2 protein chains.
Amino acid sequence: MKQANDRDTADYMAAAGCFCLASRQAARKITRLYDSYMQEAGVRITQFTILSQLMLRGDMPIGKLATILGMERTTLTRNLGPLEQQKWISVKAGEDPRARMIGITAQGRGVVRRSFPFWSKAQAHIGKLLGADGQAALKLLESRNLG
Amino acid sequence: MKQANDRDTADYMAAAGCFCLASRQAARKITRLYDSYMQEAGVRITQFTILSQLMLRGDMPIGKLATILGMERTTLTRNLGPLEQQKWISVKAGEDPRARMIGITAQGRGVVRRSFPFWSKAQAHIGKLLGADGQAALKLLESRNLG
DNA sequence: CCAGGATGCGTGTAGATACACGTATCTCAT
DNA sequence: ATGAGATACGTGTATCTACACGCATCCTGG
């Protein structure tokens, strides 16, 4: 105990139960697992997620997509860069000239189609690791409004 | 339904229940909330987490710390950069000259001490948002071995 | 019509994340 | 002793994340 002299170390023990550490740790591990599966498909899970959301929900402005993904708008803007470069998404002005409507291209759909089986394997793998209660826990977190 | 023609769209609906999206979404939102509280303390939650772990567990090599944090070793190496620059941690070779022992400095302890109240507020805030079941869900995920 | 607040975005800056690859050191069986 | 495999790391590259700030456009009360 090198920090035995630290009078209030006991207080800091609380930090061991940090919700932030728990959530990020889980997210990192889960992301690595998905990415390891997606790698063969040549697409990252972040990108796959964006593309599949566009595929499922149709075109939408950046802000709305960011909300759906629980991501900062400016973060999403950066993430769209590589996707646009690959021509997997299209960007055009909406009725409101301020809005930038994002849509998935035919090529983007192809990417989703081809990479879906890999995503599916990753999903199955992590589902097994999580177990029924772990999956339920994640769904609960998803349903919570965390701001 | 702009993608009504897409024959297998139904299959892709599964992507809506992606465990990866759920975990990352939660982690992003939670991280933003913690960081907004920590900002006043001049330290990021990522950094606070690293420092407090060192404070609680004492010096250790990079690899071990990375495992504890559920982080890639190389990621941790990058994250240690700013901390070392601020002199919040010390780096020295261990008995095994390959290993780099990381330790928290007196200044680093001061940072943890001063920023702890802000962390505590964030923890309380998110605890309320999560609710008892949400907290339990997060603890369950933390206990799961996800690789 | 027309300020003034609200809304939708991009960029500068800075840090967080991780894979592929390469280096140095250790360990152990021969 | 020594060579092969294991271990502990750093770096190059690329992406992900988000705050502060600023710009353009929309909308609404006067």
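Note that this is a predicted model, so its numbers are computed, not measured.
Here the shortest heavy-atom pairing between A:Q25 and B:T67 reads NE2-O, 4.3 Å. Looking at every heavy atom in both residues, B:S115 comes nearest to B:F48 through OG-CD1, 3.3 Å. Across every non-hydrogen atom of A:I30 and B:C20, the tightest pair is CG2-CA, 3.7 Å. The shortest heavy-atom contact between B:M38 and B:V43 is CB-O, 3.1 Å. Heavy-atom minimum distance, B:N79 versus B:M71: ND2-SD, 3.5 Å. When every heavy atom of B:L54 is checked against every heavy atom of B:G103, the shortest pair comes out as CD1-C, 4.3 Å.
Pairs of residues two or more places apart, or lying in two chains, that qualify as side chain to side chain donor-acceptor pair (under 3.5 Å) and include a residue from residues 120-147 of chain B are A:D133-B:R144, A:R144-B:D133, B:Y34-B:Q123, B:Y37-B:H125. A salt bridge (Lys or Arg N to Asp or Glu O under 4.0 Å) check over residues 70-85 of chain B, counting only residues at least two apart or in different chains, returns nothing.
Between A:L65 atom CG and C:dC9 atom P there is a gap of 10 Å when expressed in whole angstrom units. Following rounding to the nearest Å, A:I50 (CD1) and D:dT15 (C1') show an atom-to-atom distance of 11 Å. With rounding to whole Å, A:M71 atom CE is found 19 Å from C:dG8 atom P. Atoms CE (B:M60) and C1' (D:dC9) sit 17 Å apart, rounded to a whole Å. Rounded to an integer number of Å, the gap from A:R98 CZ to C:dA6 P is 13 Å.
Across residues 72-96 of chain A, A:E72, A:T74, A:T75, A:R78, A:N79, A:D96 each have a non-hydrogen atom less than 4.0 Å from an atom of DNA chain D (numbered order). Residues of residues 28-40 of chain B that place a heavy atom closer than 4.0 Å to DNA chain D, in numerical order, are B:R28, B:R32, B:Q39. Residues of residues 42-49 of chain B having a heavy atom closer than 4.0 Å to DNA chain D: none are found.
Shown here are the side-chain hydrogen bond (donor to acceptor under 3.5 Å, both in side chains) partners of B:S23, two or more places apart in sequence or in another chain: there are none.
When atom types are taken as modelled, the side chain of B:R28 and the backbone of A:L69 share a donor-acceptor pair closer than 3.5 angstrom.
Distances shown here put a side-chain N or O of A:R24 below 4.0 Å from the OP1 or OP2 atom of C:dT17.
The 12-atom threshold is exceeded at CD of B:Q107, counting heavy atoms of other residues, nucleotides or ligands nearer than 6.0 Å.
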